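What you see is a predicted model; the values in this text were computed from it and never measured.
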Amino acid sequence: MSKTGKLELTWVGKNEEKRIEPRILVEDKSKSNIQHDKETENMLIHGDNLIALKALEQDYAGKIKCIYIDPPYNTGNAFEHYDDGVEHSIWLTLMKQRLELLKGLLSNDGAIVIQIDDNEQAYLKVLCDEIFGRVNHVNTIVVKMSDASGPKMAHIDKKFPKLKEYLLIYKKEKISINVQTEEKTKWDSEYKNFLDLSKEDIEKMLNLTNKNEIDEVNEKLPSRLISLNDAFKKYKVGQSEKDKFNFSRENAWRIARTSNASTIRRVIQNETDLNQNIAIAIVNDVTMFVKADFDRGSKEPRVQYVFASDTMNVPLGDLWLHINTSFNSEGGVTLKNGQKPESLIKTIIAAFSNPGDFVLDSFLGSGTTAAVAHKMNRKWIGIELGEQAYTHSKVRLDNVIEGEQTGISKDVDWTGGGGYRFYELAPSLLEKHPILPIYQVNNDYNFEMLCEAICKLEGFKYEPIGEMHGKSSEKRYIHISKDYISGEYIQNIVKELDENHSVLIYGTKIQSDLKLPENIEVKRIPKDLLKKYDFESEVR
């Protein structure tokens, strides 16, 4: 049996790699919205997301903190704006190409979150393990996305109705998650002890500094704990579950349960308190003494009281049932079968980024990710191919800037502001001649666009300075020309440079018998460009 090879997912066409042309992005100033923020770094890009991601590579590699994508699920259904029924191997190829580029854009401490359903989840998980590394799989979250009602109930005798989807989460190298919580909606039956003291009484207790007085309070504290049912009677709480829950929520700071030794470590402030048999819990800005018993000869607490207000919001696990799925036309747009709730995206962005970080969505759709990132004070990049870039994404983001109040707006106190720049993906730099079997520079390109495009293709930063159009280092420059390039021409453009500088020159008309020094390289347009990339009108 062979001991070579690796565990991977294979399919027809997997290794047919394309040399994707990194296009330039052309701002459509008529569609940009910068009236409130002329310095905005937010980008809304219209164009094929594979080529757009390649276009971003030079400037944004390693800079994106949080990526969320909601790709087509390959369900076999034809949606209004998407063809969601491509052959399985084609879908895997499309995802592989995009995920490899997304990984390069992700920061070392960043995370990518991919939403998917049962049709491709298992295959996508194996593919992501291969691209990001299985060790970098953070979680697979199950999200409740709908209720057991409507058309999905038509075939319940043959199949359980679909209520959930998945979030596959991967890190680049390291990750620190901002812990997210969900509010308790049912009262925990373990909380049965009611501290029958007023906040004023507790405040008096806080002023005690004498150890004997503190010990005395701690001795008396358990006697002031009555059952929660007795508290309901004493304070004449109604007998309905709603009445009891409301009372318990309002008085959570004085409703307690006993807990084990591991929990007390979260509320003890210092070793001195522990030695004095005093655990100090801070709940709702009220500090209270909590009685703790200790095993003989040990500093480990055996029993303590944990107050409910310390646990009203519980950390999210990998099963998310809190998402509001009853939303309609958030942001003033509706994308049937494709729009995601802002509450879901808010949880993701909050967990994996901080204000000022870059968030990216390359399947932007109705614009939810960009809208939520904008409201949460993140910088964002959104990419969308279809007409919905104009009819949905742009419309929604304009509404956000004007202060629309749907979705999470009230939760984050959103009142409007900010801006974005709208970019079109430039056509391919080279196109086939209509008659001859050759390539030529695209007629849509002016000279400035040509220079910027060649700089990007060769890995230079486009920065026209004197005779040079860009540089890749302090000593490496590039020059592009449509003039006849001769020895005399070259001498004129490099005369201001030091001997230790090198120059790459691109031209369409070049003297055939040039003798060049070692620091000068000359290439032809389009011949030498065709060696580097595949030039085509669009990649699908």
Check: Q339 side chain, E330 main-chain N or O, donor-acceptor pair, under 3.5 Å: yes
V143 and Y166, any side-chain heavy atoms less than 4.5 Å apart: no
Listed once per pair and sorted, the ring pair (Phe, Tyr, Trp, His ring centres under 6.0 Å) pairs that draw on residues 10-37, sequence neighbours left out: none
Atom CD1 of I465 with >12 non-hydrogen neighbours under 6.0 angstrom: yes
Side-chain (W320) to main-chain (L344) donor-acceptor, under 3.5 angstrom: no
Worked check of side-chain hydrogen bond (donor to acceptor under 3.5 Å, both in side chains) between D398 and N33: CA-CA 7 Å; D398 288 341; N33 189 337; 2.9 Å; yes
Any side-chain donor near an acceptor of the partner, Y73 and E120, under 3.5 Å: no
Mutual orientation of the aromatic rings belonging to H469 and F447 [parallel < 30°, tilted 30-60°, perpendicular > 60°]: perpendicular
Verdict with reasoning, E57 to K54, per salt bridge (charged side-chain N to carboxylate O under 4.0 Å, His left out): CA-CA 5 Å; E57 192 173 43; K54 189 67 176 178; 2.9 Å; yes
Flag, side chain of N178 to backbone of S353, donor-acceptor distance under 3.5 Å: yes
Nearest non-hydrogen partners of L127 and L92, listed with the distance: CD2-O, 4.1 Å
Side chain to side chain contact (heavy atoms under 4.5 Å, CB included) evaluation trace for L450 with L429: CA-CA 7 Å; L450 172 69; L429 172 62; 3.7 Å; yes
Residues which pass salt bridge (Lys or Arg N to Asp or Glu O under 4.0 Å) with D37, listed by chain and number, not counting sequence neighbours: none
Polar contact flag, side-chain donor to acceptor under 3.5 angstrom, D528-Y506: no
Test item: T40 side-chain N/O and N42 main-chain N/O as donor-acceptor pair under 3.5 Å: yes
Test item: K103 side-chain N/O and I131 main-chain N/O as donor-acceptor pair under 3.5 Å: yes
Nearest non-hydrogen partners of I114 and P71, listed with the distance: CG2-CD, 4.0 Å
Set of side-chain hydrogen bond (donor to acceptor under 3.5 Å, both in side chains) partners for E8, sequence neighbours left out: K14
Over all atoms of both residues, closest heavy-atom pair of T406 and G331: OG1-N, 2.8 Å
Qualifying residues under side-chain hydrogen bond (donor to acceptor under 3.5 Å, both in side chains), relative to K125, sequence neighbours excluded: D129
Side-chain heavy-atom pair V372, M376 within 4.5 angstrom cut-off: yes
Worked verdict on Y68 versus Q115 for side-chain hydrogen bond (donor to acceptor under 3.5 Å, both in side chains): CA-CA 8 Å; Y68 167 84; Q115 188 154 354; 2.6 Å; yes
Qualifying residues under salt bridge (Lys or Arg N to Asp or Glu O under 4.0 Å), relative to R476, sequence neighbours excluded: E521
Atom CD of Q35: over 12 foreign heavy atoms under 6.0 Å: yes
Under 3.5 Å donor-acceptor, K63 side chain and D59 backbone: yes
Check: S502 main-chain N/O paired with E518 side-chain donor or acceptor under 3.5 Å: no
Side chain proximity check, L53 to L360, heavy atoms < 4.5 angstrom: yes
Atom OH of Y462 with >12 non-hydrogen neighbours under 6.0 angstrom: yes
salt_bridge(D534, R19) N-O dist < 4.0 Å: yes
Nearest-0.5 Å distance that lies between atom CG in L124 and atom CG in L99: 6.5 Å
Any donor-acceptor N/O pair, R23 side chain to L425 backbone, under 3.5 Å: no
Backbone of L56 reached by a side-chain donor or acceptor of Q58 within 3.5 Å: no
Listed partners of K509 passing side-chain hydrogen bond (donor to acceptor under 3.5 Å, both in side chains), at least two apart: none
Pair H501 and Y477, ring centroids less than 6.0 Å apart: yes
Pairs flagged by salt bridge (Lys or Arg N to Asp or Glu O under 4.0 Å) wherever residues 409-438 is involved - sequence neighbours left out: E27-R421
Partners meeting salt bridge (Lys or Arg N to Asp or Glu O under 4.0 Å) with K532 (sequence neighbours left out): E458
Aromatic contact, Y420 with H374 (centres under 6.0 Å): no
Residues forming a salt bridge (Lys or Arg N to Asp or Glu O under 4.0 Å) with K346, sequence neighbours excluded: none
Among R396, E384, H392, Q388, side chain to side chain donor-acceptor pair (under 3.5 Å) partner for S366: R396
side-chain hydrogen bond (donor to acceptor under 3.5 Å, both in side chains) contacts touching residues 433-454 (sequence neighbours left out): none
ring-ring contact (aromatic ring centres under 6.0 Å, His included) involving F422 - partner list, sequence neighbours excluded: Y390
Distance-minimising heavy-atom pair for S393 and G365: OG-O, 2.7 Å
Any donor-acceptor N/O pair, K144 side chain to L163 backbone, under 3.5 Å: no
Contact summary for I401 and G418, nearest pair of heavy atoms: CG2-O, 3.7 Å
Atom of E21, atom of L457 and distance for their closest heavy-atom approach: CG-CD2, 3.9 Å
Stepwise salt bridge (charged side-chain N to carboxylate O under 4.0 Å, His left out) test for K162 and D117: CA-CA 9 Å; K162 174 189 170 184; D117 72 357; 3.0 Å; yes
K171 bridged to D109 by N-O distance under 4.0 Å: no
From CG (L168) to OG1 (T140), nearest 0.5 Å: 5.0 Å
Distance, nearest 0.5 Å, that separates CG of N139 from CG of L167: 9.5 Å
Qualifying salt bridge (Lys or Arg N to Asp or Glu O under 4.0 Å) pairs, either residue in residues 357-382, two or more places apart: E41-K379, K65-D357, E342-K375, K375-E404
